[in-house]
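To keep things clear, I will list the structure first and then write my remarks on it.
Every number for a ligand or one of its atoms is a count from 1 in the order of the listing.
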Amino acid sequence: MMTINMTLHTDKYQINMMYAHWVQGTLNQRVAFEMNFRKLPFGNGYAVFAGLQRVVDYIHGIRFSDEEIAYLREQEEQYAEGFLEELRTLRFTGDIYAAPEGTLVFPNEPLLRVTARVFEAQLVETAILNFVNFQTLIATKASRIKQIAPDDVLLEFGTRRAQEADAAVWGARSSYIAGFDATSNMRAGMMFGIPTKGTHAHAWVQSHETELESFERYAEALPDQVTLLVDTYDTLKSGVVNAIKVAKELEARGKRLNAIRLDSGDLAYLSKQARIMLDEAGLPDVKIVASNDLDENLIFNLKAQGAKIDSWGVGTKLITAADQPALGGVYKLVAREKDGAMVPVIKISGNPEKVSTPGIKDVYRIINRDTGKAEADYIALTEEQEVKNGDPLTLFDPVHPYLSKVISKYDAIPLLQPVFIEGEQVAKMPDLDQIRAYHREQLELFWPEHLRKLNPENYPIDLSLTAWQQKLDLIQRYKS
Ligand SMILES: Nc1ncnc2c1ncn2[C@@H]1O[C@H](COP(=O)(O)OP(=O)(O)OP(=O)(O)O)[C@@H](O)[C@H]1O
Ligand SMILES: O=P(O)(O)OC[C@H]1O[C@H](OP(=O)(O)OP(=O)(O)O)[C@H](O)[C@@H]1O
Ligand SMILES: O=C(O)c1cccnc1
């Protein structure tokens with residue numbers, strides 16, 4: 001398979017900064033960047049971290065080959081030849097720590113950290129944000145849907161409405177991580193091993209003289225997985241009646257009708273009526289699939305109306321994250337090398353929540369040993385020992401520091417795991433089913449108050465006293 005060179009999947013300003021560092025002789029300065037987001041999407045109580053596999057693939061593929069070099073030479077005559085020669089040998093040689101895909105993550109905590117020569121750390125910002133922002137957004141949307149239909153079969157149908165091809169396949173993967181059962185996209189199935197499922201379209205019915213004939217022909221062709229779309233002409237008077245006839249014909253051949261699909265009209269009413277008709281025909285095992293612009297709110301509503309739907313096909317609103325089409329993850333410089341040591345740096349803002357937290361940090365999920373539940377995430381400078389030693393921790397909200405409590409019986413799970421060290425991948429990426437299982441286990445760690453769809457309780461993200469003090473000191477220094 002031809003692999004596409006993604007090295008120039010970056011903003012020009014990154015190359016400009018790389019050039020300026022090269023000119024100034026500072027390209028080898030070591031820096032640390034952390035990625036985080038400030039606001040949860042969809043009013044949800046958590047986000048589902050995704051995109052790391054794509055980041056890993058991208059990092060491995062960084063190469064300025066003849067084509068990239070020629071393009072840069074042509075695009076920007078200010079770039080000196082020596083710089084272009086430097087790029088020719090550029091490989092990623094830094095460290096990347098990241099949360100595993102499927103982890104529940106929260107605002108204002110580092111999800112991924114790059115420590116590298118500034119030359120490399122700057123190059124990779126754009127692609128990392130692109131991959132992680134999109135995939136985390138879709139995984140979070142999918143997780144909301146899964147939360148309200150935990151026992152139903154969830155099918156991802158979005159490709160035709162996705163924002164182009166990459167979004168379709170990586171969105172399908174993100175949905176699967178968060179609990180979807182299958183995708184309709186065959187390429188996503190082939191690339192990632194996601195189960196694929198498909199029914200048939202209205203075109204199949206329309207391309208026959210009668211609906212019944214179309215159902216019979218379809219069932220003849222694919223007798224082991226027949227799902228019939230029943231709404232082309234009249235769902236209850238024609239579609240379901242014909243589906244029942246075909247189910248009986250299948251039974252006579254030792255086969256069975258798997259399901260019917262509803263794709264328009266009042267899905268609550270039609271599913272209830274269809275259920276009665278199927279049950280009365282002795283077909284209680286025939287399932288009902290619904291589709292038509294669904295999302296978590298509609299599905300929730302349909303369930304409240306007593307809809308008899310076993311499986312949901314969700315396309316447009318999932319794959320485009322229709323109610324919030326972007327996650328605002330950012331990549332901020334937190335430390336730089338000075339006289340051989342890494343020193344913290346800060347970005348001040350008029351908005352207190354936007355002031356960056358300086359220094360290289362780790363995040364620990366603090367599990368209360370009495371309850372087995374996550375109590376808070378605790379952000380500490382990497383050199384801090386308290387949490388590593390299991391010493392009592394003061395948990396306090398950095399925006400409202402007077403709200404605090406001490407916890408002593410806890411387990412601290414470090415969220416950021418090494419992925420690359422000195423340019424070498426040090427951890428094998430889990431396979432997709434492991435990621436999916438891990439995501440399910442993650443949910444078990446949280447109280448339902450943080451997981452509910454509407455007005456969830458904020459999960460505390462706390463700063464260590466040392467990290468907090470350092471931030472205050474730096475704010476003070478820049479103010480004076
Ligand atoms: N019982 C229900 N309660 C709330 N919303 C519903 C219900 N049934 C269906 N919907 C949703 O209402 C929206 C409109 O559906 P409807 O079938 O009326 O229009 P449509 O999609 O234009 O139909 P058609 O495909 O026949 O043109 C869809 O998003 C559908 O999922
Ligand atoms: O509604 P979504 O959540 O986006 O799910 C995907 C939609 O795509 C198909 O419709 P389309 O009209 O494209 O084709 P069809 O003729 O097969 O219904 C399908 O019937 C769903 O309604
Ligand atoms: O299999 C289906 O029913 C399907 C697939 C993609 C989009 N809409 C429906």
Side-chain angles (χ1 to χ4, degrees), residues 138 141-142 144-146 148-149 152-165 167-169 171-172 174-176 180-190 194-208 211 214-215 218-219 221-222 224-240 243 257-276 286-323 325:
I138 303 304
K141 183 76 177 165
R144 279 171 72 73
I145 298 169
K146 177 72 181 172
I148 54 113
D152 302 342
V153 175
L154 297 175
L155 309 172
E156 186 282 308
F157 278 177
T159 297
R160 61 190 59 202
R161 311 269 152 60
Q163 327 294 25
E164 262 280 1
V169 290
S174 306
S175 307
Y176 187 65
F180 268 61
D181 296 284
T183 176
S184 62
N185 186 306
M186 298 296 278
R187 191 163 67 98
M190 191 166 101
I194 306 171
T196 55
K197 279 208 188 317
T199 73
H200 68 75
H202 295 109
W204 175 261
V205 180
Q206 293 167 282
S207 64
H208 292 80
E211 186 181 58
S214 81
F215 286 180
Y218 191 76
L222 288 150
D224 290 329
Q225 264 304 318
V226 192
T227 297
L228 298 170
L229 175 60
V230 293
D231 74 334
T232 306
Y233 303 120
D234 186 312
T235 300
L236 298 179
K237 291 203 180 106
S238 169
V240 179
L257 176 64
N258 185 52
I260 60 167
R261 175 161 75 98
L262 305 172
D263 188 47
S264 58
D266 183 327
L267 295 173
Y269 171 74
L270 291 174
S271 65
K272 283 187 264 187
Q273 294 303 313
R275 183 73 273 155
I276 292 170
V286 174
K287 305 284 187 213
I288 301 181
V289 184
S291 51
N292 191 12
D293 257 332
L294 298 173
D295 66 4
E296 66 276 29
N297 301 318
L298 250 168
I299 296 173
F300 185 76
N301 225 279
L302 288 166
K303 282 178 168 293
Q305 294 171 48
K308 298 282 184 201
I309 295 168
D310 308 285
S311 172
W312 309 87
V314 190
T316 313
K317 293 203 167 143
L318 166 61
I319 208 74
T320 66
D323 48 339

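Residue, atom and distance of the protein heavy atom nearest to atom 8 (N) of ligand 1 are L267 N, 2.9 Å. From the protein, the heavy atom lying nearest to atom 15 (P) of ligand 2 is H202 ND1, 3.5 Å. At the top of the distance list for atom 8 (N) of ligand 3, counting protein heavy atoms only, stands F157 CD1, 3.7 Å. Nearest protein neighbour of atom 9 (C) of ligand 1, counting heavy atoms only, is G265 O, 3.1 Å.
Using modelled atom types and a 3.5 Å distance limit, the side chains of R261 and T199 yield a donor-acceptor pair.
Against a heavy-atom cut-off of under 4.0 Å, A201 is close to the following atoms of ligand 2: 17 (O). For ligand 1, the atoms closer than 4.0 angstrom to any heavy atom of L294 are 31 (O). Ligand-side atoms of ligand 3 in range of R160: 6 (C), 7 (C), range being under 4.0 angstrom from any heavy atom. The D263 neighbourhood of ligand 2 comprises atoms 18 (O), 19 (C), 20 (O), 21 (C), 22 (O), with distances under 4.0 Å to a heavy atom of that residue. The ligand atoms of ligand 1 that sit less than 4.0 angstrom from a heavy atom of Q305 are 1 (N), 2 (C), 3 (N), 4 (C). Listed by atom number, the atoms of ligand 3 under 4.0 Å from G198 heavy atoms are 1 (O). In the vicinity of T316, heavy-atom distances shorter than 4.0 Å reach the ligand 2 atoms 2 (P), 3 (O), 4 (O). For ligand 1, the atoms closer than 4.0 angstrom to any heavy atom of S264 are 17 (O), 23 (O), 24 (P), 25 (O), 26 (O). Ligand 1 places these atoms under 4.0 Å from at least one heavy atom of D293: 29 (O). Taking a cut-off of under 4.0 Å to the non-hydrogen atoms of G315, the atoms of ligand 2 that pass are 2 (P), 3 (O), 4 (O), 5 (O). Taking every non-hydrogen atom of D293 and a distance limit under 4.0 Å, the qualifying atoms of ligand 2 come out as 1 (O), 2 (P), 3 (O). Close approach to A268 involves these atoms of ligand 1, each under 4.0 Å from a residue heavy atom: 1 (N).
The closest approach between D266 and ligand 1 falls below 4.0 Å for a heavy atom of the residue. The shortest separation from a heavy atom of R160 to ligand 2 is under 4.0 Å, placing the residue in contact.
Considering each of Q206, R261, R161, the one bringing a non-hydrogen atom nearest atom 13 (O) of ligand 2 is R161. For atom 3 (O) of ligand 3, the candidate residues are T227, N185, T199, N292; the nearest heavy-atom contact is made by T199.
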Stepwise side chain to side chain donor-acceptor pair (under 3.5 Å) test for N292 and S264: CA-CA 6 Å; N292 191 12; S264 58; 5.7 Å; no
Verdict with reasoning, K141 to D323, per side-chain contact (heavy atoms from CB on, under 4.5 Å): CA-CA 10 Å; K141 183 76 177 165; D323 48 339; 2.9 Å; yes
Salt bridge (charged side-chain N to carboxylate O under 4.0 Å, His left out) evaluation trace for R144 with D295: CA-CA 9 Å; R144 279 171 72 73; D295 66 4; over 6 Å; no
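In terms of polar-atom proximity, S184 is not counted as a contact of ligand 3, lacking any N or O under 3.5 Å from an N or O of the ligand. For ligand 1, one of its N or O atoms has an N or O atom of N292 under 3.5 Å away.
In this structure, the side chains of F180 and S174 stay at 4.5 Å or more apart for every pair of heavy atoms. A 4.5 Å side-chain heavy-atom check between I148 and I299 finds at least one atom pair inside the cut-off. In this structure the side chain of I309 never reaches within 4.5 angstrom of the side chain of K287, judged on heavy atoms.
At least one protein heavy atom sits closer than 4.0 Å to atom 6 (C) of ligand 1. For atom 27 (O) of ligand 1, no protein heavy-atom neighbour is present inside the 4.0 Å cut-off. Distance check for atom 12 (O) of ligand 1: every protein heavy atom is found at 4.0 Å or beyond. Under the 4.0 angstrom criterion, atom 22 (O) of ligand 1 counts as lacking any protein heavy-atom contact.
For the side-chain contact (heavy atoms from CB on, under 4.5 Å) with V240, the lone residue among D234, V230, L270 that qualifies is V230. Across N185, T196, T183, a single residue satisfies side chain to side chain donor-acceptor pair (under 3.5 Å) together with E156, and that is T183. Screening I260, L155, D310 for a side-chain contact (heavy atoms from CB on, under 4.5 Å) with V289, the sole residue that qualifies is L155.
Only side-chain heavy atoms of L298 come within less than 4.0 Å of ligand 1; its backbone N, CA, C and O stay farther off. With a 4.0 Å heavy-atom cut-off, ligand 1 is reached by the side chain of L302 but not by its N, CA, C or O.
Here the side chain of H200 pairs no donor or acceptor atom with the backbone of Y218 at under 3.5 angstrom. Proximity of a side-chain donor or acceptor of S311 to a complementary backbone N or O of V153 within less than 3.5 Å is detected. With hydrogens and angles ignored, the 3.5 Å screen pairs no side-chain donor or acceptor of E296 with any backbone N or O of L298. Judged by distance alone, with hydrogens and angles left aside, the side-chain atoms of K272 form a donor-acceptor pair with the main-chain N or O of Q305 at under 3.5 Å.
Here the closest heavy-atom approach between residue W312 and residue L294 is recorded as CE3-CD1, 3.7 Å.
For NZ of K308, the number of neighbouring non-hydrogen atoms (other residues, nucleotides, ligands) closer than 6.0 Å is 12 at most.
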